[in-house]
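In what follows, a single structure is set out as structure tokens and then discussed.
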Amino acid sequence: MAKGQEQAAPDAVPTRIGQVVMLHHAGDREEARHRFLALWAEIGEHGDPLHRCTLAHYLADTQDDPAEELAWDLRALSAAEELTEDRLADRHGAVSAARALYPSLHLNLAADYDRLGHREAARLHLRRARTAAESLAPGRYGAGVRASIDRLELRLDGPYGSDGTEGWGRPPRPRP
């Protein structure tokens, strides 16, 4: 395929990630994890940073082990930072897409660290999530992320969430 045609071809990876996200949301967590891992093997550790960020961000939610979830969320943040540091590589708004993920990325890391008993690291990422959330546009996604930040903040400040029960909600994920 000619270079010009190759660049004009639509990017199928976000669509494929979205299909697996739907599978996960339908309740098939294990199959979703296997498909995400297969996609990760295709993309590789050095593939497109936006693809790696999005995939790792969703893959974290399919993990049973909190330490594995943390590892995938850290991979997602690392890929997002790679994107935002390399402004020349901004293809099709990838840098702004990564920035829009920062509140959720830091929120997930805060939740991971909290689950693992690392309260100070959790608070650090929660502060970063709140700061990053200031740039989110008004709407359902932004409101959901802010509400999740508030719930986790209440959890970190005491043994119970805002509704008086143990536990907390997951932040909403943007659609790929």
Side-chain angles (χ1 to χ4, degrees), residues 1 6 9-83 91-94 96-118 121-122 125-126 129 132-133 136 139-149 151-152 155 161 163 165-176:
M1 185 180 281
E6 192 175 291
D11 185 356
V13 173
T15 301
R16 293 173 65 199
I17 293 171
Q19 290 168 340
V20 180
V21 167
M22 289 189 305
L23 179 68
H24 180 229
H25 288 172
D28 199 343
R29 184 177 181 175
E30 188 172 334
E31 181 62 23
R33 180 175 43 243
H34 292 301
R35 290 187 188 191
F36 278 143
L37 288 170
L39 254 172
W40 184 264
E42 277 182 47
I43 293 169
E45 286 286 329
H46 303 291
D48 182 290
L50 184 59
H51 294 163
R52 287 186 289 121
C53 175
T54 306
L55 182 55
H57 191 49
Y58 285 110
L59 189 66
D61 285 343
T62 66
Q63 301 306 303
D64 296 322
D65 177 1
E68 283 297 313
E69 186 171 358
L70 172 62
W72 283 108
D73 280 330
L74 286 170
R75 284 180 185 103
L77 179 62
S78 177
E81 288 171 344
E82 198 177 309
L83 265 172
R91 296 172 303 277
H92 311 290
S96 29
R99 282 195 186 116
L101 284 173
Y102 273 120
S104 185
L105 292 170
H106 284 292
L107 179 57
N108 285 348
L109 285 165
D112 295 341
Y113 282 119
D114 178 45
R115 229 172 298 143
L116 292 167
H118 303 291
H125 282 283
L126 191 60
L136 290 176
R140 200 172 100 189
Y141 173 70
V145 169
R146 288 183 191 93
S148 292
I149 290 169
R151 283 192 302 273
L152 184 53
R155 177 177 165 80
D163 61 356
T165 61
E166 288 191 63
W168 35 269
R170 287 196 167 284
R173 301 285 190 170
R175 294 185 169 233

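One distance of note links CG of Leu109 with CG of Leu74; it measures 5.0 Å at 0.5 Å rounding. Taken from NE2 in His51 to CG in Leu39, the straight-line distance is 10.0 Å, to the nearest 0.5 Å. Separation of atoms CD1 (Ile43) and CG (Leu55) is listed at 5.0 Å; rounding is to 0.5 Å. The CG atom of Asn108 lies 6.0 Å from the CG atom of Asp61; values are rounded to the nearest 0.5 Å. If you take CD on Glu69 and OG1 on Thr62, they are separated by 8.5 Å, rounding to the nearest 0.5 Å. With rounding to the nearest 0.5 angstrom, the CD atom of Gln63 is 5.0 Å from the CG atom of Leu59.
Residues Leu152 and Asp114 form a side-chain contact, since some pair of their non-hydrogen atoms from C-beta on lies under 4.5 Å apart. Within the 4.5 Å cutoff, no side-chain heavy atoms of Arg151 are placed close to those of Arg155. In this structure, the side chains of Leu105 and Asp73 stay at 4.5 Å or more apart for every pair of heavy atoms. No side-chain heavy atom of Leu50 sits less than 4.5 Å from a side-chain heavy atom of Pro14.
Listed here is the closest heavy atom pair of Ala32 and Val20: O-CG1, 3.5 Å. Closest non-hydrogen pair, Pro103 versus Val145, comes out as CB-CG1, 3.8 Å. Heavy-atom minimum distance, Cys53 versus Ala80: SG-CB, 3.8 Å. Scanning all heavy atoms of the two residues, the minimum distance from Arg52 to Gly47 falls at NE-O, 2.8 Å.
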For Asp48 and Val13: C-alpha separation, side-chain torsions, deciding distance, then whether side chain to side chain contact (heavy atoms under 4.5 Å, CB included) applies. CA-CA 10 Å; Asp48 182 290; Val13 173; over 6 Å; no
So Asp64 and Arg29, side chain to side chain contact (heavy atoms under 4.5 Å, CB included) or not? Walk me through it. CA-CA 10 Å; Asp64 296 322; Arg29 184 177 181 175; 3.6 Å; yes
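Partners of Arg75 according to the side-chain contact (heavy atoms from CB on, under 4.5 Å) rule, which considers only residues two or more places apart in sequence or in another chain, are Trp40, Glu45, Ala56, Ala71, Trp72. His118 is linked by a side-chain contact (heavy atoms from CB on, under 4.5 Å) to Tyr113, Leu116, Ala121, counting only residues two or more places apart in sequence or in another chain. Contacts of Glu31 classified as side-chain hydrogen bond (donor to acceptor under 3.5 Å, both in side chains), with partners at least two apart in sequence or in another chain: Arg35.
In summary, Arg33 and Glu68 do not engage in a salt bridge, as defined by a charged side-chain N under 4.0 Å from a carboxylate O.
Side chain of Ser104 to main chain of Leu101: no donor-acceptor pair is present (N/O by atom type, distance under 3.5 Å, no hydrogens or angles).
Asp112 and His125 share no donor-acceptor pair across their side chains, judged by distance under 3.5 Å alone.
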